Amino acid sequence: MSKKGLDTLFVHYGIRKEDMQVIETLCSQYETDFDWLKEDVLKTYHEKKIKNEELEEKHLIKLLEKSLQKLK
C-alpha cells in the first residue's frame, strides 16, 4: 500500500521526489553540487512561484547568475 500525503520535497521545492532524483542524477553526471542546486536555486525558485512573482527566462537567468556568484 502506498503512502498518501504531501511529499516533503514537493512542499519545499515544488518538485516531485521522482523528478528530484532525475535532477540529482543530472547533477552527478555534470559534476554539479546537488545540495547547492537544491538549496540555493530550486528553493528560491519555488518561493518566487508561491508568491506569484514574475518568472520569465531573464529572471531565471538572474537567479542562476546570483547563485553561481555565491560559489566563487
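The structure presented is a predicted model; accordingly, all values stated were derived computationally and were not measured.
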Contacts under 3.5 angstrom, residues 20-29 side chains, donor-acceptor by atom type, not counting sequence neighbours:
residue, atom, partner, partner atom, Å
Thr25, OG1, Gln21, O, 2.9

| remark: By side chain to side chain contact (heavy atoms under 4.5 Å, CB included), Glu39 pairs with (sequence neighbours left out) Tyr13, Lys43
| query | Crowded around Glu57 CD? As in, over 12 foreign heavy atoms under 6.0 Å? | reply | no
| task | Answer yes or no: are there more than 12 heavy-atom neighbours, outside Lys38 itself, under 6.0 Å from its atom NZ? | result | yes
| query | To the nearest 0.5 Å, what is the distance between CG (Leu37) and CG (Leu42)? | reply | 4.5 Å
| remark: Between the NZ atom in Lys66 and the CG atom in Asp40, the distance rounded to the nearest 0.5 Å is 8.5 Å
| Could you state the interatomic distance from CD (Glu56) to NZ (Lys62), rounded to the nearest 0.5 Å? | 10.5 Å
| task | Drop me the distance from Tyr45's OH to Leu63's CG, to the nearest 0.5 angstrom. | result | 9.5 Å
| task | Could you check if a side-chain atom of Trp36 sits within less than 4.5 angstrom of a side-chain atom of Leu68, using non-hydrogen atoms only? | result | yes
| What's the spacing between Thr44 OG1 and Leu60 CG if we round to 0.5 Å? | 11.5 Å
